[in-house]
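Everything numeric here is computed off the predicted structure, so don't read it as measured data. Start at 1 and go down the list; that is how both ligands and their atoms are numbered.
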Amino acid sequence: MAPATDVFGRALRNLRISVTDRCNLRCAYCMPEEEYVWLPRDEILNFEELSRLTDVFMELGVDKVRLTGGEPLLRRDVTRLIRLLAAKPALRDLAITTNGVLLAEQAPALKEAGLHRVTVSLDTLRPDRFLALTRRNSHAQVLEGIAAVARAGFTGTKIDTVVMRGVNDDELVDLVEFGRRAPAEVRFIEYMDVGGATRWSMEQVVGRQEILAHLAERYGAIEPLTETSTAPADRYRLPDGTVFGIIASTTAPFCADCDRSRLTADGLWYLCLYAQQGTDLRGPLRRGASTEELKALILPMWQSRRDRGAEDRLARRGQEPLISIGQLRQDPHLEMHTRGG
Ligand code: SAM
């Protein structure tokens with residue numbers, strides 16, 4: 001079946017499921033505050049409910065699912081959810097985005113449960129910087145986690161690095177070299193002023209051109225790869241064949257191709273990372289809505305989707321943070337760690 005498309009012809013393909021809003025790190029660009037308002041436990045969807053909603057989305061075109069959070073490996077027994085999802089033959093891609101802290105112990109079980117691919121977030125190779133950035137002393141565990149991914153038999157692994165001026169922008173070459181050895185494809189992400197990034201400033205953003213210029217100084221000519229996929233990263237090849245990516249989500253957003261939507265752990269569905277309103281799917285689901293009824297709720301929302309949140313942000317940037325701390329405390333769904341990065 002052809003996937004549902006929105007007003008701009010963007011397909012409903014890619015569902016990011018935040019399986020928990022809890023996290024075991026406190027990254028300065030995502031969760032910089034001391035106190036957070038957590039989602040009530042009884043509102044968190046169970047695995048059968050998540051699997052059921054995934055089926056509904058798949059009937060409308062979704063064939064890629066990414067588990068995220070919060071930290072998805074904190075969700076108890078997440079491999080059982082992976083098993084349920086991996087059993088769906090029409091699901092072409094089932095991936096997870098993790099900070100890697102719990103990966104060393106869980107990688108073999110994730111593989112065995114049928115997970116296809118792993119993306120690990122890693123912003124620095126220096127333990128002291130990791131501690132300053134995340135306020136947790138778990139750097140060694142993350143490195144062990146990355147090593148465990150290849151050992152467990154995963155391929156297509158990615159490492160996502162948020163580049164911040166004065167924080168880790170002197171580690172680009174080191175991270176490319178680390179990725180080559182892992183092996184994993186490193187993707188440099190521009191620092192975004194999403195909900196939760198209450199300390200964001202444009203001065204800290206290191207844009208794509210600057211990243212490329214920095215790497216070209218060390219490696220020589222960098223070749224852009226031409227691709228047709230809707231993946232957010234622009235990919236490049238170094239003279240030695242190493243491929244890396246840049247997600248220029250702040251200076252050159254990929255809204256035109258965005259096929260992503262997001263489901264929070266308590267069943268709110270968001271059409272855009274920057275959207276202020278989501279659609280409650282938990283209520284209808286728990287009241288016993290049929291698959292057709294759920295599809296009838298989701299389809300018109302997607303068909304009338306006009307969101308181009310990152311582009312709107314680019315046009316209006318520089319005035320105030322996207323969402324104030326006060327608003328975030330009133331509605332934790334506006335947080336990046338709740339709706340899933
Ligand atoms: N805990 C998991 C992890 O760390 O990968 C999954 C959730 S985390 C919110 C997902 C991704 O969002 C991470 O790669 C993180 O670096 C990214 N992220 C969070 N805040 C960001 C920001 N302000 N700008 C760019 N990327 C951000």
Checklist entry - Hey, is Thr98 touching ligand 1 through its side chain, its backbone, both or neither, going by heavy atoms under 4.0 Å? => result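 The backbone, only.
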Checklist entry - At a non-hydrogen distance cut-off of under 4.0 Å, which region of Val194 contacts ligand 1 (side chain, backbone, both, or neither)? => result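 Just the side chain.
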Could you tell me which atoms of ligand 1, counted from 1 in the order shown, lie closer than 4.0 angstrom to a heavy atom of [X]?
| X | answer |
| --- | --- |
| Thr68 | 6 (C), 7 (C) |
| Tyr191 | 23 (N), 24 (N) |
| Ala197 | 23 (N) |
| Glu190 | 25 (C) |

Checklist entry - What are the two closest non-hydrogen atoms of Leu12 and Pro3, and how far apart are they? => result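 The pair with the smallest heavy-atom distance is O-CB, 3.7 Å.
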Checklist entry - Can you name the nearest heavy-atom pair linking Leu45 to Asp266, along with the distance? => result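 Answer, listing the atom of Leu45 first, then Asp266: CG-C, 4.1 Å.
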May I ask you to identify the nearest protein heavy atom to [atom], giving residue, atom name and distance to one decimal place in Å?
| atom | value |
| --- | --- |
| atom 24 (N) of ligand 1 | Met192 N, 2.9 Å |
| atom 26 (N) of ligand 1 | Val162 CG2, 3.4 Å |
| atom 14 (O) of ligand 1 | Ser121 OG, 2.7 Å |
| atom 21 (C) of ligand 1 | Tyr29 CD1, 3.5 Å |
| atom 10 (C) of ligand 1 | Gly341 CA, 3.7 Å |
| atom 6 (C) of ligand 1 | Gly70 O, 3.3 Å |

Item to check | Lys/Arg cation over aromatic Tyr270: Arg339, 6.0 Å, 45° cone | outcome: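 Yes, a cation-pi geometry holds between Arg339 and Tyr270.
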Using 4.0 Å as the upper bound for N to carboxylate O, is an ion pair formed by [Y] and [X]?
| X | Y | answer |
| --- | --- | --- |
| Arg10 | Asp6 | yes |
| Asp63 | Arg92 | yes |
| Arg129 | Asp170 | yes |
| Lys158 | Glu185 | no |

Checklist entry - About how many Å separate CG of Leu225 and CG of Asp234, when rounded to the nearest 0.5 Å? => result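 So the CG of Asp234 and the CG of Leu225 are separated by 10.0 Å.
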Item to check | Contact check: Glu71 vs ligand 1, nitrogen or oxygen atoms, below 3.5 angstrom | outcome: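 By distance alone, the answer is yes.
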Checklist entry - Does ligand 1 have any atom sitting under 4.0 Å from a heavy atom of Met336? => result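 Under 4.0 Å: yes for Met336.
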Item to check | Test ring pair (Phe, Tyr, Trp, His ring centres under 6.0 Å) applied to Phe154 and His116, step by step | outcome: CA-CA 7 Å; Phe154 285 104; His116 300 174; 9.5 Å; no
